[in-house]
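To start, the structure itself, in structure tokens.
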Protein chains: 2
Amino acid sequence: MNKQKKNKLEKKGWKFGSAEEFLGLSEEESAYIELKMKLSANLRKLRTEQKLTQVELAKVIKSSQSRVAKLETGDPSVSLDLLIRSLLALGTSNKDIARAISS
Amino acid sequence: MNKQKKNKLEKKGWKFGSAEEFLGLSEEESAYIELKMKLSANLRKLRTEQKLTQVELAKVIKSSQSRVAKLETGDPSVSLDLLIRSLLALGTSNKDIARAISS
DNA sequence: TAAAGATATGTCAAATATGATATATTATCA
DNA sequence: TGATAATATATCATATTTGACATATCTTTA
């Protein structure tokens, strides 16, 4: 992961270990972030395919529009749990999730 | 998911939506639990393959032995985030995680 | 263009997950 | 067997994530 991408993420609120300050992100950190990004993108894709607004999806997952927006924009405050629960709520199977992660 | 399995999970501390009380778990709920179970099993597999004790793994992921035990036994108090972070800390790639989920 | 619809961002109290600690249970092996 | 190592379970103060709400910034369309 390059410096530019890192700055972009930091601007979004991501925090990185100080040991990585100059060395870039650890394998672990970037894999984790990449994973979330992929699931976020997948969630938005699924929602729009199903012609739902964020407000409508929020109802389905018993959350709020603002949290859906955060899920889809990769806000660091959202958990993998909520991301995956949301995908499952839209009918995604575990296999689909695996595919999204591998892609 | 059958009643017996559900009882077993409930004994472990899992809570299920009341609407599913007699109907069993929703697709979504069981997919989520299945996902966690698979990752839990994978974590234990990886740790033992690498000949680490729970105490040693705890150090690696900056947690405690008790939490590692909970990760591996599928305690409902553990998040997918911590599970996946732990797998990544043990050198698992996103593709490996995808494989574990699909298996 | 303006209005309406949709999405994004910021904040916060409440809910949930966390590491730590203590202790119980289960394996291993002398 | 009994001692020691490993794992499991319980509890709790602290930290993080949550839905809700307000409001800002796009996007669409009339």
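Proteins come first, then strands; the chains are lettered A, B, ... in the order of their sequence lines, and each starts at number 1. Remember, it's a predicted structure, so these values are computed and weren't measured experimentally.
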**OP:** Note down the inter-axis angle between the two ends of the helix from C:dT1-D:dA30 to C:dA30-D:dT1, five pairs each, to the nearest 10°.
**Re:**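 If I round to tens, the end axes sit 50° apart.
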For [X], side chain to side chain contact (heavy atoms under 4.5 Å, CB included) partners two or more places apart:
{"X": "A:E27", "answer": "none"}
{"X": "A:K70", "answer": "A:R67, A:D75, A:S77, A:V78"}
{"X": "B:S66", "answer": "B:S64"}
{"X": "B:A58", "answer": "B:V68"}

Would you list the atom pairs, donor with acceptor, under 3.5 Å between side chains in residues 8-15 of chain A and any protein atom, with sequence neighbours excluded?
residue	atom	partner	partner atom	Å
A:K12	NZ	A:T73	O	2.2

Original post:
Can you list the steps and then say if B:Y32 with A:N94 is a side chain to side chain donor-acceptor pair (under 3.5 Å)?
Top reply: CA-CA 8 Å; B:Y32 176 72; A:N94 283 343; over 6 Å; no
Original post:
Is B:V55 reachable from B:L82 through a run of hydrophobic residues whose side-chain heavy atoms are each under 4.5 Å from the next?
Top reply: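 They do not share one cluster, since no chain of ILVMFWY contacts under 4.5 Å joins B:L82 to B:V55.
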Original post:
Any N or O donor-acceptor pair linking the side chain of B:K70 to the base of D:dT11 at under 3.5 Å?
Top reply: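 Result: at least one qualifying N/O pair found.
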When you compare the protein's N or O atoms with those of nucleotides 14-18 of chain D, which come within less than 3.5 Å of each other, and at what distance?
residue	atom	partner	partner atom	Å
D:dT18	OP1	A:S79	OG	2.5
D:dT18	OP2	A:S77	O	3.1
D:dT18	OP2	A:S79	N	3.0

Subject >> Qualifying side chain to side chain donor-acceptor pair (under 3.5 Å) pairs, either residue in residues 82-93 of chain A, two or more places apart >> reply: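 For residues 82-93 of chain A: A:S93-A:D96.
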Subject >> Residues that A:K36 engages under salt bridge (charged side-chain N to carboxylate O under 4.0 Å, His left out), provided they are two or more places apart >> reply: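 With sequence neighbours excluded, A:K36 shows a salt bridge (charged side-chain N to carboxylate O under 4.0 Å, His left out) to no residue whatsoever.
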**OP:** Indicate yes or no: does B:E72 engage B:R47 in a salt bridge with an N to O separation below 4.0 Å.
**Re:**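 Result for this pair is yes, salt bridge flagged.
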Subject >> Sorted by number, the residues of residues 37-60 of chain B with heavy-atom contact under 4.0 Å to DNA chain C >> reply: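 The stretch gives none, as no residue of it lies under 4.0 Å from the strand.
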**OP:** Give the first and the last nucleotide of DNA chain C, reading 5' to 3', that has any atom under 4.0 Å from a heavy atom of chain A.
**Re:**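 Terminal contacting nucleotides, 5' to 3': C:dA6 to C:dT11.
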Can you tabulate the close N/O pairs, meaning under 3.5 Å, that link protein atoms to atoms of nucleotides 22-24 of chain D?
none

